[in-house]
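Each remark here refers to the structure printed beneath this line.
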Amino acid sequence: DAGVIQSPRHEVTEMGQEVTLRCKPISGHDYLFWYRQTMMRGLELLIYFNNNVPIDDSGMPEDRFSAKMPNASFSTLKIQPSEPRDSAVYFCASRSSGNPEAFFGQGTRLTVV
Amino acid sequence: GESVGLHLPTLSVQEGDNSIINCAYSNSASDYFIWYKQESGKGPQFIIDIRSNMDKRQGQRVTVLLNKTVKHLSLQIAATQPGDSAVYFCAEPQGGKLVFGQGTRLTINP
């Protein structure tokens, strides 16, 4: 298994632009998580899905952030419009319902200038 | 005011020595814990886990100890190697999600 796959690995964009981060979870996993990691706040959970349904989005910072999971093998995290304070590493993780261990992707390093 | 970054606890050890990384939790009902290792430029990776019905669990060069009385767990790494340099997180499932501690940065002195 290739593990959790995220794209792009790096993204540099200008303030005000729309940014879309992508994630392919491990096949068979029915939970998917989006985390954000910064020096200020550490590793924060933004949102998670179970069977493609958003369960808890209380960590989404504001309406500029949205996440979708149209099917079991794909999820997106969108920021529109982006701001410099959104600069961070965004991780996607997945797990199966029978195993509490979450497997992480390599992350997307987002820089908003 | 001045912005301050998250101050990660840091542990520096000599290569070959044992490392002990600590984590405290608050919920006495917590019944499962995971230790993750995050190397520079990578996502967190599972190291070892422990359930609350255990006090100790051993893996390859790693041991996790759980003290439910004081709500504390530790990760011990034997004969620390340069490849052990990373940030180590304890994590706890809460409902369907996994909540992480702030992490400890382990650096190895040659």
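Letters go in sequence order (proteins before strands), and every chain restarts at 1.
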Original post:
Within a strict 4.5 Å, meaning less than it, do heavy atoms of the B:Y25 and B:L66 side chains meet?
Top reply: yes
Subject >> Cluster check B:L65, B:I77: I/L/V/M/F/W/Y, side chain < 4.5 angstrom >> reply: no
**OP:** Just give me the residue among B:P93, B:G41, B:P44 that pairs up with chain A most often, heavy atom to heavy atom, under 4.5 Å.
**Re:** B:P44
**OP:** Would you mind checking which part of A:R9 comes under 4.5 Å of any heavy atom in chain B, side chain (CB onward), backbone (N, CA, C, O), both or neither?
**Re:** side chain
Original post:
If you group Ile, Leu, Val, Met, Phe, Trp and Tyr by side-chain heavy-atom gaps below 4.5 Å, do B:V62 and B:Y88 land in one group?
Top reply: yes
Original post:
Given that the side chain runs from C-beta out, which part of B:L98 has a heavy atom under 4.5 Å from chain A: side chain, backbone, both or neither?
Top reply: both
Subject >> Residue pair B:I34 / A:E101: nearest heavy atoms and the distance that separates them >> reply: CD1-CA, 3.9 Å
**OP:** Could you go through the side chain to side chain contact (heavy atoms under 4.5 Å, CB included) check for A:Q106 and B:K42 one step at a time?
**Re:** CA-CA 5 Å; A:Q106 295 280 57; B:K42 297 184 179 180; 3.8 Å; yes
Original post:
Of the non-hydrogen atoms in A:S97 and A:D30, which two are nearest, and what is the gap between them?
Top reply: N-OD1, 2.8 Å
Subject >> Residue part contacting chain B, namely of A:Q37, when any heavy atom lies under 4.5 Å >> reply: side chain
Original post:
What part of A:L45 gets closer than 4.5 Å to chain B, counting heavy atoms only: side chain, backbone, both or neither?
Top reply: side chain
**OP:** Using non-hydrogen atoms and a 4.5 Å limit, figure out which bit of B:Q38 sits close to chain A: side chain, backbone, both or neither.
**Re:** side chain
**OP:** Mind ranking A:F91, A:F103, A:Y31 by heavy-atom pairs under 4.5 Å with chain B and telling me who comes out on top?
**Re:** A:F91
Original post:
Given that the side chain runs from C-beta out, which part of A:N50 has a heavy atom under 4.5 Å from chain B: side chain, backbone, both or neither?
Top reply: neither
**OP:** Report yes if the side chains of A:I47 and A:P54 come closer than 4.5 Å at any heavy-atom pair, otherwise no.
**Re:** yes
Subject >> Choice from B:G96, B:G95, B:A91 maximising heavy atom contacts with chain A below 4.5 Å >> reply: B:G96
